[in-house]
Amino acid sequence: MAEKNFYVTTPIFYPNANLHLGHAYVTTLTDVIARYHRLVGDTTYFLTGSDENTQKILSAAADAGVTPQQFLDDKVEGFENLFKQLNISYDQFIRTSDEKVHWPGAVALWKKLDAAGDLYKKQYEGLYCVGHEAFITEKDLVDGACPDHGTAPERIQEENYFFKLSKYTQTIKTKIESGELCIIPESRRHEILSLLAEGLQDVSFSRPRTPMSVGIPVPGDTTQVMYVWCDALSNYITALGYGQDETLYKTFWPANVHIIGKDILRFHAAMWPAMLLSAGEPLPKSILVHAMILSGGRKMSKTLGNIIDPQELLQEYGTDAVRYFLARHISPFEDGDITREHFKDAYNADLANGLGNLVARIMQLAQTHLSAPVELEYKPFPKEYTDAFERFEINKAADHVWGRIQALDQKITEMAPFKVVKEDEEKGRGIIIELVVELACIDQMLEPIMPQTSKKIIDAIMTNKKPENLFPRKE
RNA sequence: AGCGGGGUGGAGCAGUAGUAGCUCGUCAGGCUCAUAACCUGAAGGUCGCGGGUGCAAUUCCCGCCCCCGCAACCA
């Protein structure tokens, strides 16, 4: 628990649609981890942002009848709005369309790859599916047409820059095996190692620039724009001023952890490390691959109609209840499940009957029988709690806290201060003070998960007043 | 097809070679400080199916069945 610098990132999100519960999850997970590190005294930097240099924005904007810039600004405002409602404490929100913050760093990184001799031009011929806005392979075709769009792809020939990804296969493999680059959990580590065992192919790293192109121009070649993943991945360092004012970069890079979803593992655990190796920069220390949230055992989709909108939950239950559910009832590593019914049950059992009721019982006793606020003494966090956080198992950390809540409820019943105080006032007060002290300890551990609630509870303790009903029971 | 994850009391999940645990729900009792809350106890499972190895398998091995994900606006 030595104080140190801690840099944590979320993926950057596509602004072509509104954010859903999955985005809310990864961001909340990251926020809980960031808040924990601040709490234990680490100098913490938390980055999130949006991935805006994508061709799809153009058509989405056209459909919406606005300019691409308006469209982006609008979506990003929506992102920031959701993050505000979730009480996300990010230090920076990076937009890859930002030509001042992001572009110079991405260009600097490109130049490093080029200087290392890892970029080369190659004639590329492939089947381009207009629907995908991407190249697809021969074997994807069904009766000569793209199975998803039902149209025949165009055979396109173009000259692109290629990145020598293959060159770094072995180095990356070694670093992952040695734990120098830690992939969490184990199952994902195996997955990426088996991918590396097959060997990495060099990848196209640019596209020809057209009048309608979106993206960062390749330095020294105005006919090309950077491949979107090359552009996007570099956000983790451009946000720290890489290639410009590198004060933050020097302080915080390498990142302690990139938090990502399993669908983008190969970009983060293969392509990104290769880029950094090529540029001679250190690799991130770990990559945390979280699982997906299912609804009723199925992936959320419009067709199934099982989508749960984070806004809906936020409105009905409030910020901290949503944060609590995501942190405790969704495992970071196994697919989790959420239904409205399940959410309500957890809310009533753990927040209304559990935490909320406990605070009410103790503070009622304190307010009635103590003449002044209790003087608090804080103990160091228990190992079970800190270990869970070091392993990024925030659900286990929360389990520990709720175990303490249950134990405190038992203690009240056993010691019966409400009864004792009638016979021996001093003794009764002593018990109540003990209870308040323990509540304050619990409250402190609650902070990363439920910052607003934690504040309300400590305020109640400091003023020796029973607070308003924290979590009214829902029927 | 291939790859990956999973099938444990009503629901959601842990878990281990040797009396199967947790949370929610249900039922009974207790308490009265508290949000009809809290505490104690109980009922409820042949741990997907078939075979193998072992003194012993839910746990290891083999085969099979079923569900889900990876390709679709989607972490």
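Here is how names work: the chains are called A, B, and so on, in the same order as the sequence lines, proteins then strands, and each is numbered from 1.
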Closest approach to the side chain of [X], judged atom by atom: which nucleotide of [options] is it?
X: A/Leu365; options: B/rC38, B/rU35, B/rC33; value: B/rC33
X: A/Gln364; options: B/rA34, B/rC38, B/rA37; value: B/rA34
X: A/Ile412; options: B/rC33, B/rU35, B/rG12; value: B/rC33
X: A/Phe418; options: B/rU32, B/rA37, B/rA75; value: B/rU32
X: A/Lys419; options: B/rC31, B/rU35, B/rA75; value: B/rC31
X: A/Gln406; options: B/rU23, B/rA75, B/rC24; value: B/rU23

Respond yes when some side-chain nitrogen or oxygen of [X] is under 4.0 Å from OP1 or OP2 of [N], and no when none is.
X: A/Arg361; N: B/rA37; value: no
X: A/Lys422; N: B/rC33; value: yes
X: A/Gln410; N: B/rU40; value: yes
X: A/Lys344; N: B/rC24; value: no

Does the pair A/Lys455/A/Asp320 count as a salt bridge with the N-to-O cut at 4.0 Å?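 Judged by the 4.0 Å cut-off on N to carboxylate O distance, A/Lys455 and A/Asp320 do not form a salt bridge.
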
Item to complete: Determine yes or no for a side-chain-to-main-chain donor-acceptor pair under 3.5 angstrom, with A/Ser454 supplying the side chain and A/Gln444 the backbone.
Response: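 A pair under 3.5 Å: no.
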
> Syn or anti: how is B/rG54 classified when any glycosidic angle within 90° of 0 counts as syn?
Replying inline: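 Syn conformation here, the glycosidic angle of B/rG54 being no more than 90° from 0.
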
Quick one: which residue pairs count as a salt bridge (charged side-chain N to carboxylate O under 4.0 Å, His left out) with a foot in residues 407-424 of chain A, not counting sequence neighbours?
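Residue pairs passing salt bridge (charged side-chain N to carboxylate O under 4.0 Å, His left out), neighbours aside: A/Arg361-A/Asp409, A/Lys411-A/Glu434.
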
Q) When the ring centroid of A/Phe325 is compared with that of A/His342, is the distance short of 6.0 Å? A)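 Under 6.0 Å, so yes.
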
query = Which base, if any, makes a Watson-Crick or G-U wobble pair with B/rU40, both distances under 3.5 Å?
reply =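 Result: B/rA28.
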
